[in-house]
Amino acid sequence: QVHVVESGGGLVQAGGSLRLSCAASARTFSASAMGWFRQAPGKEREFVAAIKARGDSTYYADSVKGRFSISRDNARNTVDLQMNSLKFEDTAVYYCAARRPRGIVVPTSSLSRLDEYDYWGQGIQVTVSS
């Protein structure tokens with residue numbers, strides 16, 4: 001079983017920045033694509049950002065492009081989400097997700113699908129005050 005744990009959430013004013021971190025226990029972490037999703041109250045969970053196993057390809061939702069940046073450190077089994085210029089509508093519970101290595105190459109854009117991921121964290125609250 002792979003454990004995924006998010007940290008770094010909290011309350012921030014609009015226009016501010018916050019950095020989320022995710023630690024995964026998988027021994028195959030360096031071969032696993034990782035993603036961030038979020039879910040606001042009353043809304044479905046939505047894609048935020050994804051990064052391929054080697055960190056050489058990333059993909060972002062249009063709503064966060066240019067403001068958020070995803071990165072990973074395979075030596076530490078962590079993936080971070082740097083969030084800048086935060087808006088009130090970024091308020092949500094943020095989830096980190098890990099995708100088992102499957103031995104096939106998929107387009108980075110496919111990592112926006114929830115069903116591409118096998119392991120999920122418990123989520124962490126991010127609240128942006130207007």
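If you take OG on S32 and CG on N74, they are separated by 9.0 Å, rounding to the nearest 0.5 Å. The CG atom of N77 sits 8.5 Å away from atom CE of M34, with the distance rounded to the nearest 0.5 Å. Residue Y59 holds its OH atom at 5.0 Å from OG of S112, rounded to the nearest 0.5 Å. For the atom pair K52 NZ and I70 CD1, the distance stands at 13.0 Å (nearest 0.5 Å). The CG atom of L81 sits 8.5 Å away from the OG atom of S71 when rounded to the nearest 0.5 Å.
Within a 6.0 Å sphere centred on CD of Q122, other residues, nucleotides and ligands contribute 12 heavy atoms or fewer.
Listed by chain and residue number, nothing satisfies the side chain to side chain contact (heavy atoms under 4.5 Å, CB included) test with P41 (two or more places apart in sequence, or in another chain). Shown here are the ring-ring contact (aromatic ring centres under 6.0 Å, His included) partners of F37, two or more places apart in sequence or in another chain: F47, Y117, W120. The salt bridge (Lys or Arg N to Asp or Glu O under 4.0 Å) check on K87 picks up nothing, with sequence neighbours excluded.
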For residues 93-103, dump all side-chain donor-acceptor pairs below 3.5 Å to protein atoms at least two apart in sequence or in another chain.
unit_1	atom_1	unit_2	atom_2	d
Y94	OH	R38	NH1	2.9
Y94	OH	D90	O	2.6
R99	NE	E116	OE1	2.8
R99	NH2	E116	OE1	3.1
R102	NH1	E116	OE1	3.4
R102	NH2	E116	O	2.9
R102	NH2	D118	OD1	3.0
R102	NH2	D118	OD2	2.8

Can you give each donor-acceptor pair under 3.5 Å made by side-chain atoms of residues 18-26, sequence neighbours left out, with the distance rounded to 0.1 Å?
unit_1	atom_1	unit_2	atom_2	d
R19	NE	D80	OD2	3.3
R19	NH1	Q82	OE1	2.9
R19	NH2	D80	OD2	3.2
S21	OG	D80	OD1	2.9
S25	OG	H3	N	2.7

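L114 and L111 fall within a single hydrophobic cluster, where Ile, Leu, Val, Met, Phe, Trp and Tyr are joined by side-chain heavy atoms under 4.5 Å apart, directly or via other members. Residues F68 and V12 fall within the same hydrophobic cluster, defined by Ile, Leu, Val, Met, Phe, Trp and Tyr side chains chained together at heavy-atom separations under 4.5 Å.
Under a 3.5 Å cut-off, the side chain of R67 and the backbone N or O of S63 do form a donor-acceptor pair. Side-chain atoms of R72 do not come within 3.5 Å of backbone N or O of T78 as any donor-acceptor pair. Between the side chain of S110 and the backbone N or O of V106 there is no donor-acceptor pair closer than 3.5 Å.
Annotation: disulfide bond (SG atoms under 2.5 Å apart) contacts involving residues 31-65, sequence neighbours excluded, are absent.
Between A31 and A53, the shortest heavy-atom contact is C-CB, 3.4 Å. Across every non-hydrogen atom of S85 and S17, the tightest pair is N-OG, 4.4 Å. Taking both residues in full, the closest heavy atoms of A40 and A92 are given as N-CB, 3.8 Å, listed atom of the first, atom of the second, then distance.
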Would you sort out whether E89 and T91 count as a side chain to side chain donor-acceptor pair (under 3.5 Å), showing the intermediate values?
-> CA-CA 5 Å; E89 50 264 40; T91 296; over 6 Å; no

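A salt bridge is defined here as a Lys NZ or Arg NE, NH1 or NH2 lying under 4.0 Å from an Asp or Glu carboxylate O, and D115 with R113 meets this definition.
The residue from V48, V64, I51 that alone fulfils the side chain to side chain contact (heavy atoms under 4.5 Å, CB included) condition with W36 is V48.
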